Amino acid sequence: MTFKAAKVVIITEKVILEQVAQIIESLGATGYTVFAAGGKGSRGVRPAGRAAVVDGFSNVQIEVITATHETAEKIAVEVADRFFQNYSGITYLEDVEILRSHKF
Amino acid sequence: MTFKAAKVVIITEKVILEQVAQIIESLGATGYTVFAAGGKGSRGVRPAGRAAVVDGFSNVQIEVITATHETAEKIAVEVADRFFQNYSGITYLEDVEILRSHKF
Amino acid sequence: MTFKAAKVVIITEKVILEQVAQIIESLGATGYTVFAAGGKGSRGVRPAGRAAVVDGFSNVQIEVITATHETAEKIAVEVADRFFQNYSGITYLEDVEILRSHKF
């Protein structure tokens with residue numbers, strides 16, 4: 001009763017949420033979920049002067065369910081290429097199973 | 001040292017959190033985790049008049065670890081059947097590994 | 001374009017976040033993400049007098065991406081051994097895929 005789908009997870013700075021959302025939608029995903037997140041990390045390349053430690057909940061985690069692994073990977077690649085030189089961030093994919101009868 | 005378990009993830013409207021929690025407990029799960037979530041989505045069937053865009057953190061993401069894939073799927077099916085005609089929502093399953101020595 | 005990595009997820013009480021973060025860093029992880037979480041659960045062994053129901057967002061979910069399954073499991077085991085006798089908590093592992101060109 002389930003079928004395989006993919007999830008792409010993007011953790012990055014809150015200030016680029018709108019731009020990341022535009023990429024997600026432009027690549028055909030029909031929705032995404034956003035969480036306030038904190039943490040600490042060596043995430044991508046940080047320009048000099050940007051703090052290495054991210055405190056409080058100044059980050060966001062964005063999760064997108066996609067029908068195919070290919071779409072999930074396209075989103076991850078596009079977000080990383082566009083933003084992770086200038087903003088801290090990581091992105092990764094997971095396998096998920098969706099109920100066959102439901103849209104996403 | 002680990003064994004396979006399942007995770008069911010439910011993203012839906014905050015107003016039905018209590019009812020979803022009751023379903024989770026009635027199907028034998030011993031606990032769940034709740035996150036405030038925002039986002040945007042074509043999630044399930046929305047009745048006319050309900051906004052298509054979900055702003056702020058008016059959604060919740062509920063995660064439940066279950067011993068078997070069967071229990072995870074039962075929870076997903078029951079929640080979708082009961083609520084996703086009238087409330088926006090998606091649900092999906094993931095495989096996880098739990099430490100053998102720990103309850104969940 | 002992706003390679004396999006692991007994710008360890010720890011859900012526990014907010015009061016031990018700093019101590020959990022120290023374990024994560026001491027075992028070689030370069031970053032982690034933290035979310036405010038609520039929920040309800042039979043999570044680990046609770047000492048008498050500790051409430052069984054966790055309300056509001058007094059919990060945290062900590063997620064760590066690691067290059068190997070071994071490191072993820074070490075973190076899970078160390079956190080469980082150190083804290084889950086005295087604090088409620090669960091920990092589990094997931095498989096993820098990271099873009100080859102990106103650090104984590």
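Note that the structure is a prediction, hence the values are computed from the model and not measured. Side chains included, hydrogens not; waters and symmetry mates left out as well; all remaining heavy atoms used.
Taking the side chain as every heavy atom from C-beta outward, A:Leu93 and C:Val96 never approach each other to under 4.5 Å. Side-chain contact between C:Leu99 and A:Val77: present, with at least one pair of heavy atoms (C-beta onward) separated by less than 4.5 Å.
Taking C:Gln22 as the reference, nothing meets the side chain to side chain donor-acceptor pair (under 3.5 Å) condition, with sequence neighbours excluded. The side chain to side chain donor-acceptor pair (under 3.5 Å) search around C:Glu94 returns B:Lys7, not counting sequence neighbours.
Interatomic distance, NZ of A:Lys40 versus CD1 of C:Ile24, reported as 10.5 Å (0.5 Å rounding).
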**Message:** Under the criterion side chain to side chain contact (heavy atoms under 4.5 Å, CB included), I'd like the reasoning laid out for A:Tyr92 against C:Glu97: C-alpha separation, chi angles, the key distance, then a yes or no.
**Reply:** CA-CA 5 Å; A:Tyr92 58 87; C:Glu97 284 174 71; 6.0 Å; no
**Asked** Passes side chain to side chain contact (heavy atoms under 4.5 Å, CB included), A:Asp95 versus C:Asp95? Steps please.
**Response** CA-CA 8 Å; A:Asp95 295 325; C:Asp95 296 324; over 6 Å; no
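A pairwise comparison of heavy atoms in A:Ala37 and C:Phe35 identifies CB-CE2, 3.6 Å as the closest pair.
C:Gln61 does not touch chain A: none of its heavy atoms, backbone or side chain, sits under 4.5 Å away.
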